[in-house]
Amino acid sequence: MMRLLSPCLEINERGRLAISGCDAVELAGQYGTPLYVMSEDEVRRVCKSYVQSFQKFYGGHGRPIYASKAFSCKEIYRIVVSEGLDVEVVSGGELYTALQAGVLPQHIHFQGNNKSAGEIAFAVENGVGDIVVDSFSELRLVERIAEGNNAVVNISLRIKPGIDAHTHDFIRTGQIDSKFGIDLASGEALEAVRQSLSLEHVSLKGLHCHIGSQIFEVEPFVHAAEVMLELFGQIKSQFGVELEHLNLGGGFGVRYTQRDDALPYERYMEAVSQMVHKKCKDLGLDQPEIYIEPGRSVVAEAGITLYTVGAIKEIPGVRNYVSIDGGMFENPRYALYQADYTCLLANKANAPADYIATVAGKCCESGDLIQEHTPIQRPEEGDILAVLTTGAYNYSMASNYNRNPRPACVMVSQGESRIIIKGETYEDLVRNDV
Ligand SMILES: *Cc1c(COP(=O)(O)O)cnc(C)c1O
């Protein structure tokens, strides 16, 4: 029998895929396809494991922050906050959604490499707890907006530590050639600290780095912690200031296929904490609060997407196209960067996966594929095809290409299901048309 990737998935007594006790074929029947399904139980399990690691390795002196670009909607903010996580947002829209969900502004961290003046003003007016400044021009902008609001705004600085994490080029962000952050090696980082300390309306609280995404090695994270704490040491000796927090970013790898060898998150936390404790001791620093910022790993394995199989085109000697009623409009990741996925037929999950399929979407682009040459059970029209590990960067990257409405998202927990995002209607599609 195939190994399912997430603890929330199983094959039930009817031989069908089930998620948190809900039969996937019944979910497809009840809510229609395409359908995003998220397991609340799995999201909560992961959140708890992060919170517990902070207790274990840092005595609670730090916290996980959910990087919400992975999946942003009101209900996910409520869930992660109820588990004790802060949230990170990267746009006015994510910030608005978090505030609407009742997230307290002091628990919000605002990132982004080119926030607009309007977005910064929105954050300042709402008392967002941590604006992560990405450039010198943004530092001036935040100072000006804070001054106009008679406020002193807590900021941190996003630093490019120059770490090369072994991952796909498009999701690498810590190296020198990156649009994100302020460069460490050239001395820009210390200069940004100097300027921040001299400004009246910003209060520099910490530093931030984020070295990439879908990383399976521990070493890059350990190395990033080392480099960043050395910078803390330099700041102390040059300016006599010990910053309060160090945010080490996210990027922990998840299982898209059985080849992905994801470590338990605790292993990253343990290795990094050893470096943090050692470096602080060596440099005579009080240990800053440590933040981490996982996005993908909080939600990815909690999600699956369900489709109905339509036309099947077998081209002898070439490939077998199995068409589904979704595509790049609701999951653009294969079209964007050939992302790996595991596919299976939910209604025959126990049958051998001995048919090699190219799963094709319904958009008018030949690159609109979900996966190529992937083993699934022998398909027939009307089967329910499930794609696993779609909780991150799927709904949040969806579009209305070809004027396809975005599908609904259903949350499941202990055998119960509920809608957390309604599917769009055709009226929704023309709502802003004039
Ligand atoms: C995207 C992002 C994250 C989350 O990355 P994951 O790979 O989803 O864990 C964290 N911090 C920042 C600044 C990001 O841009």
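For the single chain, residues carry numbers from 1 onward in sequence order. Computed over heavy atoms, backbone and side chain alike; hydrogens, waters and symmetry mates excluded. Just follow the structure's listing: the first ligand is 1, and inside any ligand the first atom is 1.
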*Taking the six-membered ring of Tyr393, is the NZ or CZ of Lys69 close enough (under 6.0 Å from the centre) and on axis enough (within 45°)?*
no
_Whether Tyr77 and Tyr66 hold their rings parallel, tilted or perpendicular, with breakpoints at 30° and 60°_ = perpendicular
*asked:* For Phe252 and Tyr268, I'd like to know if the aromatic rings sit close, meaning centre-to-centre distance below 6.0 Å.
replied: yes
*Can you list the atoms of ligand 1 that are under 4.0 Å from a heavy atom of Ala67?*
3 (C), 4 (C), 10 (C)
*State the atoms of ligand 1, each with its element, that fall below the 4.0 Å cut-off from a heavy-atom position in Lys69.*
1 (C), 2 (C), 3 (C), 4 (C), 14 (C), 15 (O)
*Can the ring centroids of His208 and Tyr291 be said to lie less than 6.0 angstrom from one another?*
no
*Which heavy atom of the protein is the closest neighbour of atom 11 (N) of ligand 1, given with residue, atom name and distance?*
Glu293 OE1, 2.6 Å
*Can a non-hydrogen atom of Gly251 be found less than 4.0 Å from any atom of ligand 1?*
yes
_Polar contact flag for Phe252 and ligand 1 (N/O pairs, less than 3.5 Å)_ = no
*asked:* I'd like to know if Tyr393 contacts ligand 1, where contact means a heavy-atom distance under 4.0 Å to any ligand atom.
replied: yes
*Considering the options Val227, Ile163, Leu190, Leu207, which one meets the side-chain contact (heavy atoms from CB on, under 4.5 Å) requirement together with Leu184?*
Val227
*Look at the aromatic rings of Tyr50 and Tyr265 and report parallel, tilted or perpendicular, splitting at 30° and 60°.*
parallel
*Checking salt bridge (charged side-chain N to carboxylate O under 4.0 Å, His left out) for the pair Glu42/Arg45: CA distance, chi angles, key distance, verdict?*
CA-CA 5 Å; Glu42 176 62 9; Arg45 187 189 69 76; 2.9 Å; yes
*Could an N or O of ligand 1 be found under 3.5 Å from any N or O of Arg158, whether backbone or side chain?*
no
*Heavy atoms only: which of Cys209, Ser213, Gly112, Ala392 is nearest to atom 7 (O) of ligand 1?*
Ser213
*Geometric N/O contact Gln111 with ligand 1, under 3.5 angstrom*: no
*Examine the proximity of ligand 1 to His210 and report which part, side chain or backbone, both or neither, has a heavy atom under 4.0 Å away.*
side chain
*With heavy atoms of His208 as the reference, note each atom of ligand 1 found under 4.0 Å away.*
13 (C)
*asked:* Does only the side chain of Arg296 get under 4.0 Å from ligand 1, or the backbone, or both, or neither? Count heavy atoms.
replied: both
*Could you go through the salt bridge (charged side-chain N to carboxylate O under 4.0 Å, His left out) check for Lys56 and Glu266 one step at a time?*
CA-CA 9 Å; Lys56 188 162 166 193; Glu266 229 189 69; 3.1 Å; yes
_Nearest heavy atoms of Ser91 and Glu119, plus distance in Å_ = CA-OE2, 3.5 Å
*Taking the six-membered ring for Trp and the full ring for Phe, Tyr or His, determine whether the centres of His277 and Phe57 are under 6.0 Å apart.*
no
*Going by the order shown, which atoms of ligand 1 are within less than 4.0 Å of some heavy atom of Gly295?*
4 (C), 6 (P), 8 (O), 9 (O)
*Quick one: which ligand 1 atoms are inside 4.0 Å of a heavy atom on Gly250?*
9 (O), 10 (C)
*Could you tell me which atoms of ligand 1, counted from 1 in the order shown, lie closer than 4.0 angstrom to a heavy atom of Glu88?*
12 (C), 13 (C)
*Heavy atom of Pro294 under 4.0 Å from ligand 1?*
yes
